[in-house]
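First comes the structure, then the notes that go with it.
Both ligands and their constituent atoms are indexed starting at 1 by order of listing.
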Amino acid sequence: MTRAPLRVAVLGAGTVGREVVRELLASRFAELQLVGVAVRDIGKAQADGIPEALLTDAPAHLVAGDSDVIVELMGGEEPARTLIGAALGAGKPVVTANKLVLARHGAELERVARERDSPLRFEASVMGGTPVLRLLAEDLAGTRLTALRGIVNGTTNHILTEMAASGMSYADALDAAQAAGYAEADPAADVEGGDAADKLVILARMAFGAWLDRAAVPRAEPGRAAGITGVTAEDLRAAAAGGEAIRLIASTERAPDGAIVAAVLPSKVPLESAFGRTLGVRNRLEIEADPLGTVAVEGPGAGGAATANAVLSDLVAIARGKGSTWGALPPASTADQRAPWDAE
Ligand code: HSE
């Protein structure tokens, strides 16, 4: 028996949303039918090639209307959080790339998803199109995960790479990244480490079974500037003279007492190490598993087409009856959390 296609409503048609809509309109997926797209600017969306009949500026209507699955790609905290919660509460599966919402409201959204048996999938929220959450939740579920270390923000890695290569200042490298489209007009979430902290919270949920308190993830050593904002051309020159590079490393591990240690910090790594050789907007995650050893994943961590890939894979998974991104992991627990410099 052939199943009717899943009716898909997409909220947001920015860099990622536009690509998802384009793929759905091209009908590459027989099991998915695009039934609506909510946007802020209908004229611009039409100019981008989205048929007028699909467009609305009322996302809540799409969530409440005749759709089987909601794809949330608006970004930002509200109204995205409320719309995701409403869809899950109404029993509708949700696919989202919204790391900001998941990092702050993941525990609550997981509770609603489990209560209503509504799948919540979010592979696109970490490392863009490079699959890593399913890997942690499913493929590595049989090993004991002990630590994660990663470059999970492409914008900051691009800026650090350019500063090291050209000797330019942080301010000039940021300006150049913005001009080239690698940094947002408001770059604070990237350069101050907030975006990487959001992703670390999601990774830790998959690896260690608890949603961390995002606000308690340090993004600087005490007394230092957040993220990469305090890194100077001189710091990079001095590091290179000693055979090292500086990378914004998001790390988390389970301490012997069971607490989860987490931080996002500019860190020195050997120039000739895999992290040192991870350049530009590429991302890399190293996973320590017992007794497996180190497993590493590297790939594009941002960009519309790459991230849309993860969204479409999640949609196909839902069409094929798969559950949430946490797979068969037990419900999230709570955990003690601390900074690397806090004593046990
Ligand atoms: N600004 C983010 C980054 C986009 O640079 O990694 C992808 O999450």
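- Ion pairing between a basic and an acidic side chain is recognised when a charged N comes within 4.0 Å of a carboxylate O; D257 and R338 show such pairing.
- With a 4.0 Å cut-off on non-hydrogen atoms, D190 touches ligand 1 through its side chain and not its backbone.
- Judged by the shortest distance from any of its heavy atoms, G301 lies inside the 4.0 Å radius around the atoms of ligand 1.
- Atom numbering of ligand 1 starts at 1 in the shown order; those under 4.0 Å from a heavy atom of A302 are 4 (C), 7 (C).
- The minimum heavy-atom distance linking K92 with S67 is given by the pair NZ-OG, 2.8 Å.
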Evaluation steps, side-chain contact (heavy atoms from CB on, under 4.5 Å), between D66 and V35: CA-CA 8 Å; D66 291 332; V35 294; over 6 Å; no
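- Ranking the protein heavy atoms by distance from atom 8 (O) of ligand 1 puts K99 NZ, 2.5 Å first.
- Across every non-hydrogen atom of A302 and T307, the tightest pair is C-OG1, 3.9 Å.
- Residue K199 places a heavy atom less than 4.0 Å from ligand 1.
- Taking each heavy atom of L145 and A289 in turn, the nearest pair found is CD2-CB, 3.8 Å.
- With respect to D235 and K268, no salt bridge is recorded, no charged nitrogen being found less than 4.0 Å from a carboxylate O.
- Listed by number with element, the atoms of ligand 1 under 4.0 Å from a non-hydrogen atom of T155 are 1 (N), 3 (C), 5 (O).
- By the 3.5 Å distance cut-off applied to N or O atoms, G154 is counted among the residues near ligand 1.
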